[in-house]
Protein chains: 2
Amino acid sequence: MTATDAPSTSEETAAGGTWRDRAVERSLRNARAKAASRSDRFIRAASEIVSETGRTDFTVQTLIERSRSSLRSFYQHFSSKEELLLALFEEIIASSAAQWRAEIETLDDPLSGLHVLLERIHKESGATDGAGMNRALSVYHLELANNHPAEYARVLAPLRNLIFDLVQRGVADGSLRTDIRPETLAVITMQTLVGAAHMHALGAEPDGSPVDSERLWDFCLGGLTGPPRAPAGTPR
Amino acid sequence: MTATDAPSTSEETAAGGTWRDRAVERSLRNARAKAASRSDRFIRAASEIVSETGRTDFTVQTLIERSRSSLRSFYQHFSSKEELLLALFEEIIASSAAQWRAEIETLDDPLSGLHVLLERIHKESGATDGAGMNRALSVYHLELANNHPAEYARVLAPLRNLIFDLVQRGVADGSLRTDIRPETLAVITMQTLVGAAHMHALGAEPDGSPVDSERLWDFCLGGLTGPPRAPAGTPR
DNA sequence: CACTTTCGAGAATGACGTTCTCCGCCGCAA
DNA sequence: TTGCGGCGGAGAACGTCATTCTCGAAAGTG
């Protein structure tokens with residue numbers, strides 16, 4: 001702690017950091033560069049704290065100590081703590097989505113793309129140590145969904161779009177069902193992925209039922225391609 | 001508001017109230033009758049407040065005013081506000097699940113049962129007016145999942161068991177896939193249902209993509225029965 | 001050097017949850 | 001009737017936070 005405000009941000013904090021973490025960090029830094037250097041300090045400090053603790057309930061005091069700044073300037077740049085968190089997670093999601101998109105675009109099968117995406121999301125959310133960011137991200141999703149549903153939908157747009165693009169490609173090449181609008185299919189898929197990631201990240205899965213990413217993928221695949229044939233009857 | 005503490009609890013608040021709401025209310029009242037009459041007051045008051053406002057962030061002050069009681073006795077019966085909410089939602093979920101189970105057991109096709117269940121959950125969570133309870137329930141799920149994952153899993157058990165039983169029946173009569181353990185299938189299904197209900201309740205669905213219960217069911221059905229045939233390859 | 005803008009330090013405020021203290025009230029035994 | 005033990009009402013007190021406000025001290029500008 002008390003890191004110099006020099007470049008290297010999180011070499012130590014990203015103890016369990018994978019290459020992906022660092023890549024995300026890097027693109028995050030880019031995004032930051034655009035932002036006013038002032039707000040930057042706060043975002044960076046918040047990012048560090050969240051990465052280390054995996055929680056978003058740090059106090060504003062802690063934040064300003066970490067950012068070597070003052071309450072006054074904090075509230076000069078962000079109208080509230082929530083706004084800061086929103087900004088932080090917006091950046092993270094956007095850059096993660098960009099990251100995933102880049103990785104996935106090298107595959108030509110959209111189903112493989114979805115599978116890979118599912119594994120990324122599920123794995124990252126499951127990282128128990130070091131990558132507290134992912135856990136916090138899951139947790140914060142929920143708070144955000146509660147408090148600002150509209151913002152929530154907006155912030156998740158990059159991920160939704162990524163899934164949507166893959167779904168559309170899948171529809172185009174005939175590997176996905178067409179009896180559900182691709183937009184809807186994408187939203188349902190995203191909800192399923194994100195929901196599962198939440199439970200996984202929180203360890204809220206019941207005892208005897210491990211939801212590993214393969215089973216989850218099998219389930220989604222079924223949902224995405226459609227049932228073998230119309231089974232029994234639909235109720236009234 | 002300022003309803004008498006007489007019987008009829010939510011006739012007005014349940015403007016969009018279906019018979020089911022009232023049935024749930026009734027069985028809730030039964031459950032209450034068993035509880036110590038003291039704690040009862042608090043649970044009932046909380047239930048009223050939540051039904052009316054659709055939020056769980058009422059202050060303890062409001063609660064004790066409504067329950068015509070005192071802070072002192074509140075903390076004598078519940079160690080914290082959270083514990084109260086937990087108790088309240090445990091009751092609600094348990095009785096709702098019992099209610100649904102009763103309704104569904106009259107159907108002989110397990111798939112129909114799941115379909116009906118999905119519609120119940122989705123509809124109730126979507127009620128925009130009056131039935132604030134359902135909305136609050138969704139919201140509180142999230143908070144609970146965040147703060148006490150273990151309790152969360154426990155409280156949801158009745159619903160999970162209900163789904164599990166249906167899944168097992170479906171497996172038994174050959175209408176559901178067998179390549180995923182029924183426990184896992186049930187958990188995934190529940191996560192999908194509950195997740196969708198959350199988004200629906202919160203209005204957090206993106207603009208152009210209505211996730212109506214039929215589409216959601218189609219998706220789940222696919223996931224539950226399995227893909228038509230193994231399509232393309234799985235990624236590395 | 002006056003003058004404005006910027007921002008650090010930190011006190012003040014206001015909401016809440018939670019604890020604590022005082023005291024009346026009710027049932028009960030002698 | 002009097003004395004007493006405990007339940008529970010009223011509400012003051014405390015601790016933690018987010019958010020605002022106040023006071024100056026640098027730092028750039030003429």
Side-chain angles (χ1 to χ4, degrees), chain A residues 1-6 32 35-50 52-90 136 139-140 142-144 146-148 151, chain B residues 2 4-5 32 35-50 52-89 136 139-140 142-144 146-148 151:
Chain A
M1 28 202 117
T2 69
T4 71
D5 48 48
R32 278 194 209 114
S37 70
R38 201 50 66 168
S39 322
D40 192 28
R41 297 251 295 271
F42 295 111
I43 294 274
R44 178 178 319 197
S47 167
E48 290 178 15
I49 295 178
V50 169
E52 289 165 21
T53 65
R55 322 196 95 257
T56 58
D57 60 357
F58 56 87
T59 73
V60 177
Q61 266 306 320
T62 327
L63 177 71
I64 64 172
E65 279 159 19
R66 187 64 167 262
S67 66
R68 285 219 246 269
S69 187
S70 74
L71 263 182
R72 187 171 193 281
S73 45
F74 173 75
Y75 282 103
Q76 210 164 337
H77 291 275
F78 297 91
S79 73
S80 67
K81 182 187 169 187
E82 271 211 332
E83 195 180 278
L84 169 82
L85 288 175
L86 188 60
L88 174 60
F89 284 103
E90 191 168 350
V139 172
Y140 188 67
L142 302 183
E143 287 175 12
L144 185 56
N146 271 348
N147 303 326
H148 307 284
E151 304 289 335
Chain B
T2 68
T4 71
D5 47 50
R32 279 195 209 116
S37 69
R38 202 50 65 169
S39 321
D40 191 29
R41 297 249 295 271
F42 296 110
I43 294 274
R44 178 179 318 196
S47 167
E48 289 179 14
I49 295 177
V50 169
E52 289 166 19
T53 65
R55 320 195 96 256
T56 59
D57 60 357
F58 56 87
T59 74
V60 177
Q61 267 306 320
T62 325
L63 177 71
I64 64 172
E65 279 160 18
R66 187 63 167 260
S67 67
R68 283 217 248 273
S69 186
S70 75
L71 261 182
R72 189 172 193 279
S73 44
F74 173 74
Y75 281 104
Q76 209 165 335
H77 291 273
F78 297 91
S79 73
S80 66
K81 182 188 170 185
E82 272 212 332
E83 195 181 278
L84 170 82
L85 288 174
L86 187 60
L88 174 61
F89 283 104
V139 171
Y140 188 67
L142 303 182
E143 286 175 13
L144 185 56
N146 271 349
N147 303 326
H148 307 284
E151 305 288 336

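Numbered from 1 within each chain, the chains take letters A, B, ... in sequence-line order.
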To check you understand the geometry: which heavy-atom pair defines the closest contact between [X] and [Y], and what is its length?
X	Y	result
A:L84	A:A46	CD2-CB, 3.8 Å
A:H77	A:S39	ND1-OG, 3.6 Å
A:L71	A:I64	N-CD1, 3.5 Å

Once you round it to whole Å, what is the distance between [atom2] of [N] and [atom1] of [X]?
X	N	atom1	atom2	answer
B:F78	C:dG17	CZ	P	15 Å
B:F58	C:dC16	CZ	P	13 Å
B:E83	C:dT18	CD	P	10 Å

Pairs under 3.5 angstrom, nitrogen or oxygen only, protein versus nucleotides 5-10 of chain C, please.
{"residue": "C:dC7", "atom": "OP1", "partner": "A:R38", "partner atom": "NE", "Å": "3.2"}
{"residue": "C:dC7", "atom": "OP1", "partner": "A:R38", "partner atom": "NH2", "Å": "3.2"}
{"residue": "C:dC7", "atom": "N4", "partner": "A:R72", "partner atom": "NH1", "Å": "3.4"}
{"residue": "C:dC7", "atom": "N4", "partner": "A:R72", "partner atom": "NH2", "Å": "3.0"}
{"residue": "C:dG8", "atom": "OP2", "partner": "A:S69", "partner atom": "OG", "Å": "3.4"}
{"residue": "C:dG8", "atom": "OP2", "partner": "A:S70", "partner atom": "N", "Å": "3.2"}
{"residue": "C:dG8", "atom": "OP2", "partner": "A:S70", "partner atom": "OG", "Å": "2.8"}
{"residue": "C:dG8", "atom": "OP2", "partner": "A:S73", "partner atom": "OG", "Å": "2.4"}
{"residue": "C:dG8", "atom": "O6", "partner": "A:R72", "partner atom": "NE", "Å": "3.2"}

- Query: Is a side-chain N or O of B:R66 found less than 3.5 angstrom from the main chain of B:A45, in a donor-acceptor match?
  - Reply: no
- Message: Any side-chain to backbone donor/acceptor pair from A:S73 onto A:Q76? Under 3.5 Å, distance only.
- Response: no
- Note on the structure: Angle separating the five-pair end axes of the helix from C:dC1-D:dG30 to C:dA30-D:dT1, nearest 10°, is 20°
- Item | Residue list, side-chain hydrogen bond (donor to acceptor under 3.5 Å, both in side chains) with A:T59, at least two apart or on another chain | A:T62
- Query: Going by the angle between their ring planes, with limits at 30° and 60°, are A:Y140 and A:F89 parallel, tilted or perpendicular?
  - Reply: parallel
- Between C:dG17, C:dT18, D:dT19, which nucleotide has the shortest distance from any of its atoms to the side chain of B:T59? C:dG17
- Message: Can you see whether B:F58 has B:K81 sitting over its ring - NZ or CZ less than 6.0 Å from the centre and within 45° of the normal?
- Response: yes
